[in-house]
Visitor: 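Could you have a look at this structure, given as structure tokens, before my questions?
This structure is a prediction, so every number in the text was calculated from the model and none was measured.
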Amino acid sequence: MNEIDWKSLSFGYMKTDFNVRSYYRDGKWSELEVSSSEMINLHIAATCLHYGQEAFEGLKAFKGKDGKIRVFRMEENALRLQRSCEGILMAPLPVEKFNEAVITVIRQNMRFVPPYESGSSLYIRPLLIGTSPQIGVHAASEYLFMVLVTPVGPYFKEGFKTTPVVILRAYDRAAPLGTGTYKVGGNYAASLVAGEKAHQLGYSAVLYLDAKEKRYVDECGPANFFGIRDNTYITPASTSILPSITNKSLTQLAESIGMKVERRQIAVEELATFEEAGMCGTAAVISPILRIDDLDKNISYHYAKDGAPGKTCVKLYNMLRAIQYGEAPDRFGWVTVIDE
Ligand SMILES: *Cc1c(COP(=O)(O)O)cnc(C)c1O
């Protein structure tokens, strides 16, 4: 095998040695299978292809300075996948099966876990799809759960940095009582046009407003939103956002350093009052926001003096990363150490 250049990794797909699979048939999940094939054999009328019965997860494993591999909040991801399955009428996967699959796929691909010094990590992608044929609109009776891994580079190659985001009222990502709260591919398909437009205009993401009234902040395409003001961490409560595990972790860390946490509706005008703002998710932990341009109203909200991330963003980011890499004690029980 060619040596991997850990420093030049991006957030892309690289073939690894193995993936794991479990099949749901006759009302039960099979034993895990380890496969070296990157392909699956799928019925042309599978419900995942026609009616979007597909949910996924995203989590990471990190090699620490001590050489140990740590998976971040595996159980939370397992529970969220169960919710997503219930949300689009798929057979939910037992938490134990999820955990076993994640641990197995890491053990089978140890040589792809990037070294500590690289700042890279092993991205873990669980996926659950409806596989049996349907032409009428019904849920499948058979499902496939699989987990693939791929090494990914540090999100911030040139260091922690701010980017601009944009409000585009002409687009919605999810309906108030729709599937926004589930981690399903359909939400991502629905966000591609607006996301592409934002990128063309030079923004890193779209900040979506609530679809019904366009009065409240929802979330960014693939990341939750938060603002910081008066030692308070403020993040939207909404029925159409995906409950980010990073966001949940950041609220706990914020409380642990004496900050207040508010989870409530955030009116668009309140954006003017924040000292700092950020997006959060597994990919970047925190992606601090430079500026939000509300193009329809011709208003800009500025957060970063000289383009530098705010001090609270930096602090919370460093705290979370330290737990992931085993540099700080795992006080909250977030980490699973993989024995070699
Ligand atoms: C996955 C995801 C997030 C981030 O969730 P994490 O658990 O923090 O990775 C945020 N928003 C959407 C829409 C997502 O799909």
Visitor: With sequence neighbours left out, what residues match Tyr13 under ring-ring contact (aromatic ring centres under 6.0 Å, His included)?
Guide: none
Visitor: Return the set of residues passing ring-ring contact (aromatic ring centres under 6.0 Å, His included) with Phe225 (not counting sequence neighbours), or none when no residue passes.
Guide: none
Visitor: Listed by chain and number, what are the salt bridge (Lys or Arg N to Asp or Glu O under 4.0 Å) partners of Lys214, not counting sequence neighbours?
Guide: Asp172
Visitor: Can you say whether the rings of Phe332 and Trp334 are parallel (under 30°), tilted (30 to 60°) or perpendicular (over 60°)?
Guide: parallel
Visitor: I need the single residue from Thr251, Ile228, Asp230, Thr232 that forms a side-chain contact (heavy atoms from CB on, under 4.5 Å) with Met259. Which is it?
Guide: Ile228
Visitor: Considering residues at least two apart in sequence or located in another chain, which fulfil the side chain to side chain donor-acceptor pair (under 3.5 Å) criterion with Ser244?
Guide: none
Visitor: Does atom CG (Leu192) have a neighbourhood of more than 12 heavy atoms from anything else shown, all under 6.0 Å?
Guide: yes
Visitor: Any side-chain hydrogen bond (donor to acceptor under 3.5 Å, both in side chains) involving residues 312-323? Give me the pairs, sequence neighbours left out, ordered by first then second residue.
Guide: Glu276-Thr312
Visitor: Ring-plane angle category for Phe226 and Tyr233, please: parallel below 30°, perpendicular beyond 60°, tilted otherwise.
Guide: parallel
Visitor: Show me the side-chain donor-acceptor pairs of residues 118-136 shorter than 3.5 Å, one per line, residues at least two apart or across chains.
Guide:
from, atom 1, to, atom 2, distance (Å)
Ser118, OG, Pro115, O, 2.6
Ser118, OG, Ser120, N, 3.1
Ser120, OG, Trp6, O, 3.3
Tyr123, OH, Arg125, NH2, 2.8
Arg125, NE, Glu57, O, 2.9
Thr131, OG1, Glu142, O, 3.0
Ser132, OG, Ser141, N, 2.8
Ser132, OG, Ser141, OG, 3.4
Ser132, OG, Glu142, N, 3.0
Gln134, NE2, Ala139, O, 3.4

Visitor: Looking at every heavy atom in both Lys65 and Tyr116, which two are closest together, and how far apart are they?
Guide: N-CD1, 3.4 Å
Visitor: Sequence neighbours excluded, which residues qualify as ring-ring contact (aromatic ring centres under 6.0 Å, His included) partners of Tyr208?
Guide: none
Visitor: Taking side chain to side chain donor-acceptor pair (under 3.5 Å) as the definition, give me every residue that meets it alongside Asp306, ordered by chain and number, with sequence neighbours left out.
Guide: none
Visitor: If you count heavy atoms of other groups shown closer than 6.0 angstrom to CG of Asp5, is the number above 12?
Guide: yes
Visitor: What residues, two or more places apart in sequence or in another chain, satisfy side chain to side chain donor-acceptor pair (under 3.5 Å) together with Asp294?
Guide: Arg169
Visitor: Please name all residues satisfying ring-ring contact (aromatic ring centres under 6.0 Å, His included) with Phe274, sequence neighbours left out, ordered by chain then number.
Guide: none
Visitor: Could I get the full list of side chain to side chain donor-acceptor pair (under 3.5 Å) partners for Arg83, not counting sequence neighbours?
Guide: Thr181
Visitor: Go through the structure and list residues passing side-chain contact (heavy atoms from CB on, under 4.5 Å) with Ser240, not counting sequence neighbours.
Guide: Ala174, Asp218, Ser238
Visitor: Between CG of Leu59 and CZ of Arg73, what distance do you get to the nearest 0.5 Å?
Guide: 12.0 Å
